Amino acid sequence: MARRTVRLVLSLVMLFAASVGGVVAAAGTAQADGCYTWSRTLSQGASGADVSQLQIRVAGHAGSGGALAIDGAYGPATTAAVKRFQAAYGLAADGVAGPATFSKIYALQKDDCTPLHFTYAELNTCNSTWAGGAVSASTAKSNALRTMWKLEALRHALGDQPIRVTSGFRSHACNDAVGGAAGSRHLYGDAADLGAGPHSLCRLAQQARNHGFNGILGPGYPGHSDHTHLDHRASRFWSASSCGI
């Protein structure tokens with residue numbers, strides 16, 4: 001209730017400011033949000049920080065074998081990802097991010113920018129600071145946010161049933177304690193290990209191929225019989241031979 005009230009107040013403030021300035025709000029202006037508010041409609045050819053924010057939220061809709069770059073440039077790959085996001089949530093799939101698309105994103109994200117069904121705490125049971133890994137604490141936390149949005153897309157594609165994260169960010173100390181690989185992607189904050197639940201480990205690995213993960217390791221890969229590992233490393237490496245990957 002408090003969050004809705006804040007959004008309503010912010011929306012009224014924005015409307016008042018526009019009217020005082022003698023400017024009618026553009027068609028692309030969407031409602032205010034506690035995390036991030038887009039102020040214009042975005043389409044192919046646009047660029048800027050607002051495009052990057054959109055890309056983070058639609059990167060999990062990159063399509064089979066795809067991985068969307070978070071580069072602030074609204075190109076064909078971003079258009080395609082937006083279309084898949086729109087189709088996944090029953091919107092007109094035109095590849096243009098306007099009020100309807102942004103409103104759906106607002107409904108999916110919490111005020112700390114995490115998606116509805118995942119939390120920072122879930123992606124970091126190592127420490128509270130995100131420090132001690134292979135990258136700065138801020139980068140590790142940012143990487144984890146990108147991972148969560150991909151997991152949200154994966155979860156939705158699998159019928160909106162829970163996905164259980166068993167490991168996320170690790171500092172070097174935490175990684176050593178669990179016997180992790182020296183160059184583990186967990187040190188970068190961009191990895192998530194998933195345990196079986198409503199879906200088998202193989203089902204998770206197979207579906208993840210459609211959601212922007214360059215790294216997929218699962219049953220059949222050494223040391224991965226009890227979890228499916230996902231990450232967004234720079235180049236593709238998939239191996240889960242027991243799952244046909």
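Owing to the predicted nature of the structure, the values given are computational and were not obtained by experimental measurement. Both backbone and side-chain heavy atoms feed into the values below; hydrogens, waters and symmetry mates do not.
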Nearest heavy-atom neighbours spanning [X] and [Y]:
| X | Y | answer |
| --- | --- | --- |
| Leu145 | Thr114 | CD1-CA, 3.8 Å |
| Pro115 | Trp149 | CD-NE1, 3.8 Å |
| Ala59 | Lys150 | CB-CE, 4.1 Å |
| Phe102 | Leu54 | CE2-CD1, 4.3 Å |

- Pairwise salt bridge (Lys or Arg N to Asp or Glu O under 4.0 Å) hits with a residue in residues 42-56, at least two apart: Arg40-Asp50
- Message: Please list all pairs meeting salt bridge (Lys or Arg N to Asp or Glu O under 4.0 Å) that have one or both residues in residues 116-134, counting only residues at least two apart or in different chains.
- Response: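 Found none.
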- Task: For Ser200, check side-chain hydrogen bond (donor to acceptor under 3.5 Å, both in side chains) against everything at least two apart and list the hits.
- Result: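 Listed in chain order: nothing, the list is empty.
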- Message: Regarding His232 and Asn214, do their side chains bring together a donor and an acceptor under 3.5 Å, going by distance alone?
- Response: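 Their side chains do not contain a donor-acceptor pair, so the 3.5 Å distance test is not met.
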Measure the [atom1]-[atom2] distance between [X] and [Y] for me, rounded to the nearest 0.5 Å.
| X | Y | atom1 | atom2 | value |
| --- | --- | --- | --- | --- |
| Ile163 | His117 | CD1 | NE2 | 10.5 Å |
| Tyr221 | Ser241 | OH | OG | 11.0 Å |
| Trp130 | Asn143 | CH2 | CG | 9.5 Å |

Side-chain heavy-atom pair [X], [Y] within 4.5 angstrom cut-off:
| X | Y | answer |
| --- | --- | --- |
| Ile105 | Phe85 | yes |
| Arg146 | Asp190 | no |
| Pro162 | Arg155 | yes |
| Met148 | Tyr120 | yes |
| Thr101 | Tyr89 | no |
| Val58 | Leu68 | yes |
| Val82 | Leu42 | no |
| Gln44 | Pro76 | yes |

- Task: For the pair Tyr36 and Trp38, name the ring-plane relationship: parallel under 30°, tilted 30 to 60°, perpendicular over 60°.
- Result: perpendicular
- Query: Got a sec, which pairs hit side chain to side chain donor-acceptor pair (under 3.5 Å) with one end in residues 55-77, sequence neighbours left out?
  - Reply: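 Non-adjacent pairs meeting side chain to side chain donor-acceptor pair (under 3.5 Å): Gln53-Arg57, Gln55-Asp71, Gln55-Thr78, Arg57-Gln109.
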- How would you list all residue pairs meeting side chain to side chain donor-acceptor pair (under 3.5 Å) that involve residues 157-167, not counting sequence neighbours?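 Counting only pairs at least two positions apart or across chains, the side chain to side chain donor-acceptor pair (under 3.5 Å) contacts touching residues 157-167 are His156-Asp160, Gln161-His199, Ser167-Arg170.
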- Message: Between the side chains of Asp231 and Arg233, is the shortest nitrogen-to-carboxylate-oxygen separation below 4.0 Å, so that they form an ion pair?
- Response: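 Counted as a salt bridge, because a side-chain N and a carboxylate O are separated by less than 4.0 Å.
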- Going by side-chain heavy atoms closer than 4.5 Å, which hydrophobic residues are tied to Leu187, directly or by a chain of links? Val135, Tyr188
- Any donor and acceptor pair, going by atom type alone, linking the side chain of Gln86 with main-chain N or O of Gly95 inside 3.5 Å? yes
- Item | Shared hydrophobic cluster, Leu217 / Phe213 (ILVMFWY, side-chain heavy atoms < 4.5 Å) | no
